[in-house]
Amino acid sequence: MSNIEINHLSKTYNSKSPVVALQDISLSVASGEFVALLGPSGCGKSTLLNLIAGFEFPSSGSLKVNNETPKAPGPDRGVVFQEAALFPWLTVWENVIFGPKVNNIPRHEYEHRANQMLRMVGLEDFREHLPVQLSGGMRQRVGIARILTLGSQILLMDEPFGALDAQTRLSMQELLLSVWQKIKPSIIFVTHDIDEALFLADSIYVMSARPGRIDRKINVPLDRPRRLEDTSSEIFRSLRLEILQMIRSSHG
Amino acid sequence: MINPQLKKIILGLTLPIIICLIWQYLGELPQLAGLLPTPSKVLLGWSDWIFAKPGMGLNPYLGTWGANVSYSASRVFQGFLLACVIGIPLGLMIGWSRLVSNIVDPLIQSLRPIPITAWLPFSIAIFGIRDFGSIFLIFLGGLYPIVVNTTQGARDIEKNLVRAAMMMGASQLQLLRRVVLPASTPSIFTGLRIGLGVSWTAVIVSEMVAVKSGLGYVLWDAYYVGRMDIVLADMASIGAMGFISDQIIVLIQNKFLSWRILQSH
């Protein structure tokens with residue numbers, strides 16, 4: 001249903017000394033696939049996400065979402081931001097229904113779905129709260145609920161759990177997996193955390209910096225649905241070691 | 001144990017009371033007689049100005065306080081409202097659109113350094129000795145702070161909030177109304193409070209010159225006929241009106257910015 005095709009894409013920022021943010025990127029995401037972009041800061045993984053979202057545009061190469069080149073951001077590609085980016089003056093409920101409202105969808109059409117999504121992320125009792133009254137993890141759950149309410153088939157997630165404590169991060173990862181199992185959107189998940197990428201993704205693109213490029217694609221042969229125990233399995237540990245060594249050698 | 005709130009009020013009143021007592025004492029000294037009316041004389045003159053029946057004898061300061069306060073207040077209200085209605089959308093547009101900014105901002109920035117007092121002759125020449133001459137100056141005085149602060153608020157908006165709204169399909173107009181405007185409200189209110197202060201300055205100056213009623217007119221008129229008690233009572237009235245109108249803005253602000261108040265706790 002929703003796929004992403006990127007071929008030989010580059011992004012250069014033209015300043016006094018041009019900065020090559022991304023060089024010769026090729027990747028594809030099948031419908032319903034969970035893909036992780038893994039790499040150190042400065043490898044351009046967030047830039048790549050911004051290009052797919054339509055916030056920025058590539059300098060060369062091709063980028064297709066459902067066989068079309070995105071000209072602007074849109075509800076088909078829902079973005080979950082690092083700091084949630086909720087509207088602080090709106091309640092949880094108003095944040096979640098912002099999308100349908102600006103798209104002039106009648107209330108009876110989105111109300112049920114919005115309620116359903118809030119329940120799915122476990123925030124049905126917090127709809128009248130303001131974002132500032134929520135914890136970091138809860139804010140991210142609102143961020144997820146609002147793009148699910150929007151009906152996005154592609155989820156672009158920019159280190160969404162990076163600022164959370166380890167325990168909250170784990171429960172958010174499990175929540176995301178269960179949401180993904182139920183709705184099956186395509187997900188591109190940006191992270192610098194190897195364990196997170198391995199636990200969540202079907203395939204991992206390992207990136208390196210200066211210029212930002214893809215070093216390798218790794219398929220994660222762990223079964224679904226994944227459990228916490230999988231993170232201590234033999235495959236998991238050997239993949240982690242392999243990625244670590246790869247990152248180290250590309251830094252050397 | 002004394003109530004801390006009460007203690008604060010008492011502490012705050014101490015200095016003004018001491019100053020008034022010293023002033024009263026000095027004012028009654030024969031060597032200084034006639035230089036300044038004492039606080040008690042000011043209060044007496046003020047109370048006649050407010051409560052006495054108008055038209056008794058030749059004293060024009062009997063019972064005319066209310067009318068003059070309402071003249072000035074209504075001019076400030078009209079001029080300031082006009083400044084809000086034009087200034088807030090204009091500031092949002094300048095802050096939001098580079099095109100509008102490039103077209104409008106140079107004009108505003110080059111007019112802004114001209115003090116509103118310098119506009120007085122212009123205003124009288126165009127609008128005459130009429131209400132609108134005064135309202136124009138009040139509008140102009142209120143406009144700059146409102147525009148500049150609103151512009152800043154719209155420019156400082158968090159990039160990801162705009163991106164989030166665009167991602168959800170908001171149009172440019174929806175972005176302005178649903179994201180840029182609410183995100184700018186803290187700076188808009190800063191602009192409103194500064195602008196209101198300038199508006200009160202403008203009403204007094206303009207009433208001294210451009211119209212024949214209001215607190216500014218009485219202030220200058222009383223000075224000419226040597227009624228320093230009325231001059232001082234008038235000054236105090238202006239201060240009180242400025243304070244009250246500022247408090248009204250604060251009240252509205254707290255209603256609009258409850259999310260912001262929670263944020264800072």
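The model shown is predicted, which means the values in this text are computed figures rather than measured ones. Heavy-atom basis, side chains included; hydrogens, waters and symmetry copies ignored.
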> Within a strict 4.5 Å, meaning less than it, do heavy atoms of the A:Val79 and B:Arg163 side chains meet?
Replying inline: no
>> So, taking the atom named CE in B:Met168 and the one named OG1 in A:Thr149, what distance separates them when rounded to the nearest 0.5 Å?
In response: 10.0 Å
>> Would you say CZ of B:Phe136 has more than 12 non-hydrogen atoms from neighbouring residues, nucleotides or ligands within 6.0 angstrom?
In response: yes
> Can you tell if the side chain of A:Trp89 reaches within under 4.5 Å of the side chain of B:Leu181, non-hydrogen atoms only?
Replying inline: no
> Any donor-acceptor pair under 3.5 Å linking the side chain of B:Asn160 with the backbone of A:Gln82?
Replying inline: no
>> If you count heavy atoms of other groups shown closer than 6.0 angstrom to CZ of A:Phe57, is the number above 12?
In response: yes
>> Do B:Met167 and A:Leu150 have side chains that approach each other closer than 4.5 Å (heavy atoms only, starting at C-beta)?
In response: yes
> If you count heavy-atom pairs under 4.5 Å between each of A:Phe55, A:Phe87, A:Phe98 and chain B, which one has the most?
Replying inline: A:Phe55
>> Are more than 12 heavy atoms, taken from residues, nucleotides or ligands other than B:Leu173, located less than 6.0 Å from that residue's CG atom?
In response: no
>> If you count every heavy atom of other residues, nucleotides or ligands that lies below 6.0 Å from A:Glu109 atom CD, does the total exceed 12?
In response: yes
> For the candidates A:Arg146, A:Glu83, A:Lys101, which exhibits the highest count of non-hydrogen atom pairs separated by less than 4.5 Å from chain B?
Replying inline: A:Arg146
> Which heavy atom in B:Leu161 sits nearest to a heavy atom in A:Leu86, and how many Å separate them?
Replying inline: CD2-O, 3.3 Å
>> Can you confirm whether more than 12 heavy atoms, excluding those of B:Met93, are under 6.0 Å from its CE atom?
In response: no
> Most heavy-atom pairs under 4.5 angstrom with chain B, which of A:Ala85, A:Gly99, A:Pro88, A:Gly143?
Replying inline: A:Pro88
>> Are there over 12 heavy-atom neighbours, none belonging to A:Tyr13, within less than 6.0 Å of that residue's OH?
In response: yes
>> Please check if the number of heavy atoms outside B:Lys7 that lie under 6.0 Å from its NZ is greater than 12.
In response: no
> Do the side chains of A:Val132 and B:Arg260 get nearer than 4.5 Å, heavy atoms only?
Replying inline: no
